[in-house]
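Mind having a look at this structure? Questions to follow.
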Protein chains: 2
Amino acid sequence: MHKTLPLPPLTAIRVFEAVARHGSFTKAATELGTTQAAVSYQIKVLEDRVGAPLFLRRPRQIALTEVGQRLAPAVTQAFEQLSEAYVTARGGAQGTLVISTIATFASNWLARRLGSFQIAHPSLAVRLQTEPHLVDFSREEVDIGIRSGRGDWPGLVAHRLINADFTPMLSPNLAASIGGVKEPADLLRLPLLDPGDPWWAKWFAAANVPAEGLSSRPGASMGAQAYEGNAATAGQGVAILTPAFFAAELADGRLVQPFDLLCNDDHAYWLVYPETRRNSPKISAFRQWILGEIGVSSR
Amino acid sequence: MHKTLPLPPLTAIRVFEAVARHGSFTKAATELGTTQAAVSYQIKVLEDRVGAPLFLRRPRQIALTEVGQRLAPAVTQAFEQLSEAYVTARGGAQGTLVISTIATFASNWLARRLGSFQIAHPSLAVRLQTEPHLVDFSREEVDIGIRSGRGDWPGLVAHRLINADFTPMLSPNLAASIGGVKEPADLLRLPLLDPGDPWWAKWFAAANVPAEGLSSRPGASMGAQAYEGNAATAGQGVAILTPAFFAAELADGRLVQPFDLLCNDDHAYWLVYPETRRNSPKISAFRQWILGEIGVSSR
DNA sequence: TACCATGCATAAGGCCATTTAATGCATAAG
DNA sequence: CTTATGCATTAAATGGCCTTATGCATGGTA
């Protein structure tokens with residue numbers, strides 16, 4: 001077993017490296033953005049530690065001693081390696097954006113638009129992972145999250161993206177099958193998708209339609225808007241959905257929203273990330289992009 | 001031209017290296033001889049600089065992030081290189097002792113005894129260089145000097161080795177050739193080596209012998225005691241020499257010192273080295289050795 | 001389930017390493 | 001001989017870093 005010799009102060013080594021490279025205290029000071037006196041001091045510190053002079057002080061010029069000559073190349077190399085590793089790490093840190101979100105948002109909103117972000121930031125690799133729970137940024141390697149909630153997470157910055165509004169939606173054909181949906185109560189004559197969803201009760205209450213025993217009605221509980229939206233588009237029933245997630249279907253007529261009445265249960269979808277990383281370039285880039293997208297789509 | 005990205009604080013990098021190696025803030029703190037809080041602080045500093053977390057904080061355990069994984073090996077390697085270079089430089093600095101002295105001292109005193117120093121310090125390589133002038137330690141790569149003078153050099157430590165006493169010496173045969181040298185004036189009947197040397201005038205004055213026109217007497221001016229000593233041993237004349245330099249010749253009878261009268265001109269031989277290097281191991285070793293030798297030989 | 005041990009985060013405060021500014025000194029250049 | 005360059009040195013100011021103390025979350029244990 002051998003005891004490791006403690007390294008001399010790294011500041012001194014860094015200064016030495018610069019001096020050795022320039023062959024001048026003054027020039028090294030300039031490169032390091034410090035004063036010649038500080039350089040002189042640090043070299044003295046290092047010489048004390050090494051136990052021998054590192055430079056010969058000739059008038060208007062210094063020269064490495066043998067000891068200095070042996071030390072300098074290795075030190076320079078070590079610093080180059082450090083610098084390279086740091087730059088690489090920093091680059092890598094900025095080159096991949098990991099997004100954690102929930103399946104609904106990913107498939108109904110993000111998937112369609114993410115391409116424009118990647119085109120705008122070709123050097124950024126995006127890794128999209130869908131997870132059921134809000135990620136813990138201190139434990140998982142995730143840059144940003146998109147989650148529903150109230151926007152009050154401690155330590156996190158949260159930007160409201162879209163409200164979790166909901167309203168019934170169905171295919172035009174299904175509506176026509178009963179001669180059109182004129183008033184809320186008409187919906188009860190059609191199969192409801194996932195009738196046990198509390199959103200139904202809430203919406204019918206807001207519409208002043210008595211609707212008991214909803215949960216006992218037949219209907220599959222699929223639990224994710226994406227699936228229910230597909231089912232509704234296929235004409236299998238009426239779904240209660242968030243319009244913002246089905247802007248495309250509404251625009252091209254695959255789905256219709258028979259009533260303007262929107263409900264919401266106080267939740268919204270939020271973009272979240274740690275406060276401490278507010279200024280990370282890739283996070284800023286994504287924030288700027290997604291808020292822009294929201295602005296566009298809500299017009 | 002590319003602008004070099006300034007490295008993050010090296011303290012933080014060093015701490016990171018230890019943490020990455022141990023996989024623990026606490027253990028790294030122990031290795032570094034500091035507190036866990038300091039480690040936590042430095043890691044945070046570095047994470048700010050890199051722009052991304054380097055560790056995932058799992059309960060009772062941390063793990064490197066991808067960025068951290070990319071950074072860690074290179075950093076460890078760089079520090080190993082630094083450490084190795086430092087140890088090597090330090091070893092080299094302590095492994096060679098450069099002595100600058102004058103020819104007389106080297107040949108008449110040092111050469112005979114240096115062997116015992118090298119035996120006592122087999123790992124120390126000794127480089128002996130003879131130069132006419134007192135070396136400037138800040139300009140020449142020299143560890144210690146041996147010079148004559150008054151011992152009052154600013155910035156240097158000076159140990160008095162031997163006094164530059166002088167007294168006439170000659171071979172026993174030469175003395176016998178005139179029936180023995182009984183009193184100082186007898187010397188004037190023999191050839192003097194380098195009669196122009198001011199030492200002769202000084203010594204005869206001290207001996208109360210009138211001796212004018214010494215410099216006009218024939219005789220070679222060799223200027224170095226070593227040569228004059230040899231000439232005297234060979235019986236070519238009387239030399240005025242420093243007894244300490246000819247202890248061996250006096251001991252075995254090759255030379256005799258006819259009179260006890262010693263003169264000196266206020267000079268002495270000194271061991272000198274920079275004050276700042278007083279504690280350098282190799283300098284201490286040499287100082288201890290040579291002062292010991294002086295003690296022995298002056299007994 | 002309650003309690004204890006482990007490990008990292010955070011806040012406040014102090015200290016010392018480092019820096020700066022000013023000056024001196026030696027030498028080379030003009 | 002004068003000027004310019006470059007390093008050394010000093011004292012004083014600064015702030016980065018460390019320490020102490022405490023909190024928080026988790027995992028192990030009775």
Side-chain angles (χ1 to χ4, degrees), chain A residues 6-16 18-20 22-49 53-65 68 134 136-140 153-156 274-277, chain B residues 6-16 18-20 22-49 53-65 68 134 136-140 153-156 274-277:
Chain A
L7 281 176
L10 292 169
T11 311
I13 299 188
R14 169 153 64 178
V15 170
F16 167 74
V19 173
H22 284 104
S24 158
F25 285 28
T26 306
K27 285 179 190 156
T30 305
E31 167 178 316
L32 297 170
T34 182
T35 60
Q36 171 266 321
V39 171
S40 179
Y41 170 82
Q42 293 293 349
I43 295 298
K44 179 183 290 260
V45 166
L46 187 57
E47 287 180 329
D48 280 354
R49 283 300 199 92
L54 296 168
F55 296 97
L56 300 173
R57 274 74 165 179
R58 306 253 176 70
R60 305 173 71 96
Q61 181 186 350
I62 58 173
L64 281 165
T65 61
L134 174 56
D136 181 339
F137 288 96
S138 70
R139 284 184 213 184
E140 304 291 333
W153 294 284
L156 301 183
E275 279 169 0
T276 55
R277 302 198 58 204
Chain B
L7 280 176
L10 292 168
T11 311
I13 299 188
R14 169 153 62 178
V15 170
F16 167 74
V19 173
H22 284 104
S24 156
F25 284 29
T26 306
K27 283 179 190 156
T30 304
E31 168 178 315
L32 298 169
T34 181
T35 60
Q36 170 267 321
V39 171
S40 179
Y41 169 82
Q42 294 294 350
I43 294 298
K44 179 182 290 257
V45 166
L46 188 57
E47 287 179 332
D48 279 352
R49 286 300 200 95
L54 296 168
F55 295 98
L56 299 174
R57 274 69 166 182
R58 305 257 177 69
R60 306 174 73 97
Q61 180 185 352
I62 58 173
L64 282 165
T65 61
L134 175 56
D136 181 338
F137 289 96
S138 70
R139 285 184 212 185
E140 305 291 333
W153 294 283
L156 301 182
E275 280 170 0
T276 55
R277 303 199 57 205

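Model, not experiment: these values are computed from the prediction. A, B, ... follow the sequence lines: proteins, then strands. Residue 1 opens every chain. Worth knowing before you read on, the calculation uses all heavy atoms, side chains too, and leaves out hydrogens, waters and symmetry mates.
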If you round to the nearest 0.5 Å, how far is CG of A:L54 from CG of A:L64? 8.0 Å
Calculate the interatomic distance between B:L10 atom CG and D:dG16 atom C1'; express it in whole Å. 14 Å
Whole-Å gap separating P (D:dC7) and CG (A:L54): 15 Å
Does B:K44 put a side-chain nitrogen or oxygen below 4.0 Å from OP1 or OP2 of C:dT10? yes
Distance-only, no hydrogens or angles: does the B:Q36 side chain make a donor-acceptor pair with backbone N or O of B:F25 under 3.5 Å? no
Flag the pair A:R14 / B:L7 as yes when at least one side-chain heavy-atom distance between them is below 4.5 Å, and no otherwise. yes
More 5' along DNA chain C: A:V39 or B:I43, using each one's nearest nucleotide? B:I43
Atom pair distance, as rounded to whole Å: CZ in A:R58 and P in D:dA8: 14 Å
Taking C:dA11, D:dC18, D:dT26 as options, the one with an atom nearest any side-chain atom of A:R139 is D:dT26
Starting from P on C:dA9, measure out to CD on A:E275 and report it in whole angstrom. 16 Å
Selected nucleotide, minimal atom distance to A:A38 side chain, candidates D:dT26, C:dT20, C:dT10: C:dT20
With the side chain of B:P9 defined as its heavy atoms from C-beta on, choose the nearest nucleotide among D:dG27, D:dC17, C:dA11. D:dC17
Across all strands shown, which nucleotide pairs with C:dA28 by Watson-Crick or G-U wobble geometry, both distances under 3.5 Å? D:dT3
Is any side-chain heavy atom of B:L10 closer than 4.5 Å to a side-chain heavy atom of A:T11? no
Can you tell which of D:dT26, D:dC7, D:dA21 lies closest to the side chain of B:A37? D:dA21
Given D:dA8, C:dT6, C:dA21, identify the nucleotide with an atom nearest to the side chain of B:R60. C:dT6
Comparing B:V45 with B:Q36, nearest DNA chain D nucleotide closer to 5' gives the residue B:V45
Using a cut-off of strictly less than 4.0 Å, decide whether A:Q42 has a side-chain nitrogen or oxygen near OP1 or OP2 of C:dT19. yes
Taking only N and O in the side chain of A:T34, is any of them less than 4.0 Å away from OP1 or OP2 of C:dT20? yes
Is the closest side-chain heavy-atom distance between B:V15 and B:I43 below 4.5 Å? yes
With nearest nucleotide decided by heavy atoms, which residue, B:Y41 or A:F25, maps closer to the 5′ end of DNA chain D? A:F25
Tell me whether the side-chain N/O atoms of A:R57 come closer than 4.0 Å to OP1 or OP2 in D:dG6. no
Between C:dA28, D:dT19, D:dT26, spot the one nearest the side chain of B:T35, thanks. D:dT19
Rounded to the nearest 0.5 Å, how far apart are CZ of A:R57 and OG of A:S40? 7.0 Å
Between CG of A:L32 and C1' of C:dT18 the distance, given in whole Å, is 13 Å
It should be established whether B:T26 places a side-chain nitrogen or oxygen under 4.0 Å from OP1 or OP2 of nucleotide C:dC8. yes
Between B:I13 (CD1) and D:dC17 (C1'), how many Å, whole number? 16 Å
Can you tell me the distance, in whole Å, between the CZ atom of A:F55 and the P atom of D:dG6? 15 Å
Could you check how far CG of B:D48 sits from P of C:dT10, rounded to whole Å? 11 Å
Residue matched to D:dA11 through Watson-Crick or wobble contacts both under 3.5 angstrom: C:dT20
Side-chain contact check for B:S40: nearest option of C:dT18, C:dA21, C:dA9 is C:dA9
Checking base pairs now: Watson-Crick or wobble, both atom distances under 3.5 Å. What partners C:dA5? D:dT26
